[in-house]
Amino acid sequence: MYPFTYHRADTLGDAMAAADADGAAVLAGGTELVNWIRLGVSRPSDVVDINRLPDLSAIELADDTVHIGALARLNDVAGHALVRDRFPVLTQAIHQAASAQLRNLATIGGNPLQMTRCPYFRSEAPTPCNKRRRGSGCAARHGINDQHAIFGWTDDCVAVQPADPATALAAVDAVLVTESARGGRRIPARDLHVLPSQDPTAHHVLRPDEIVTRIELPGAARRSAYVKVRERASYEYAIVAAAVALEIDGTTIRGARIALGSVAMRPWRLHRTEQLLIDSTIGSTEVEAAVAAGFDDARALPHNAHKIPLARNAVLRAIERAAAGEPAMRP
Ligand code: SF4
């Protein structure tokens, strides 16, 4: 361990002021930050604990939008009637995101900000990694890359964003509301993360002093589902994941929103597939063709070609489950 200064913020103003210091890091659930401090990935000079901030854990409905305080714990979000009823895809994603113990601690505002699980990024030995050491290169590009990206990668970084809730939030057009000493923002969940073509060293667009205070889920996505493919069903990061939200009229798809997880450095919306699915019939070859078209621009790395058919099939499975209206929580 190494020394750092601990601040417990009692107001949002305190938290923003403390987070504005160079080298400060915000502590919410701690399931991510403490891990990175332990591995030496993160070395904050100041840790700003925001767990005592009032009014940041409520889950409520206003103007046909579900408002979720950023400090709401994942299990509280997944089990809340508003989320279960309106956004089963988010409940399902959270239940598959981590063990029950972690879900009781991790927050909905912090979880989507988690960093990549690329083994070179996590390595305690110094290996070339542009995310860890700017300009050092990317050991994964020609090294171990079976779990890495099939969309949106560059030679400078081929990592993926692993957060299951982030994928569900991107699929349902959620918005993250932030506050900072320089003013707040509204950030669409699909734009939260940074592709390597934008900046291979970054994970997300938040400034160091910026704190997520709320997540807004507009409308509803009652016909929605999350399918996660992983090596162990009990507890594991995704090889690929698919979040699907449909609007259905009988067996005809009238609208579709689809985000893939663990295939790029951000949840990857399949916009082409979404367009092609409109007016297609559930279970038809049109649906298969529309999903396949979404992968025309997928590019495999030397060791991860298997992820393309896995992701395609995960989308098809998620479409079936969403269309069937499976409950958010299986009995
Ligand atoms: Fe680092 Fe990204 Fe390359 Fe992994 S894929 S070694 S995180 S630069």
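Just follow the structure's listing: the first ligand is 1, and inside any ligand the first atom is 1. Excluded from the calculations below are hydrogen atoms, water molecules and symmetry mates; all remaining heavy atoms, backbone and side chain alike, are included.
Proximity of Asp156 to ligand 1, defined as any heavy-atom pair under 4.0 Å, is confined to the backbone N, CA, C and O atoms. Of the heavy atoms in Cys118, only side-chain atoms (C-beta onward) come closer than 4.0 Å to ligand 1.
Scanning the protein heavy atoms around atom 1 (Fe) of ligand 1, the nearest turns out to be Cys129 SG, 2.3 Å. Nearest protein heavy-atom contact of atom 3 (Fe) of ligand 1 is Cys138 SG, 2.3 Å.
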Test Thr178 against Glu210 for side-chain hydrogen bond (donor to acceptor under 3.5 Å, both in side chains), laying out the working first. CA-CA 6 Å; Thr178 72; Glu210 202 167 9; 2.7 Å; yes
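For atom 2 (Fe) of ligand 1, the choice among Gly143, Cys157, Ala140 with the nearest heavy atom turns out to be Cys157. Comparing Val158, Thr116, Asn130, Val160 by heavy-atom distance to atom 8 (S) of ligand 1, the nearest is Asn130.
Salt-bridge annotation for Asp191 and Arg186: absent, with no side-chain N of the basic residue lying under 4.0 Å from a carboxylate O of the acidic one. Using a 4.0 Å cut-off between charged side-chain N and carboxylate O, Asp20 and Arg182 make a salt bridge.
Atoms of ligand 1 found under 4.0 Å from any heavy atom of Tyr120 (numbered from 1 in listed order, with element): 6 (S). Taking every non-hydrogen atom of Ala159 and a distance limit under 4.0 Å, the qualifying atoms of ligand 1 come out as 2 (Fe), 5 (S), 7 (S).
Side-chain contact annotation: Asn104 with Asn75, donor-acceptor N/O pair under 3.5 Å present.
Inter-residue side-chain proximity for His80 and Val66 is flagged as unmet; no heavy-atom pair is nearer than 4.5 Å.
A perpendicular orientation is assigned to the rings of Phe121 and Trp36, their planes being inclined by more than 60° (bins at 30° and 60°).
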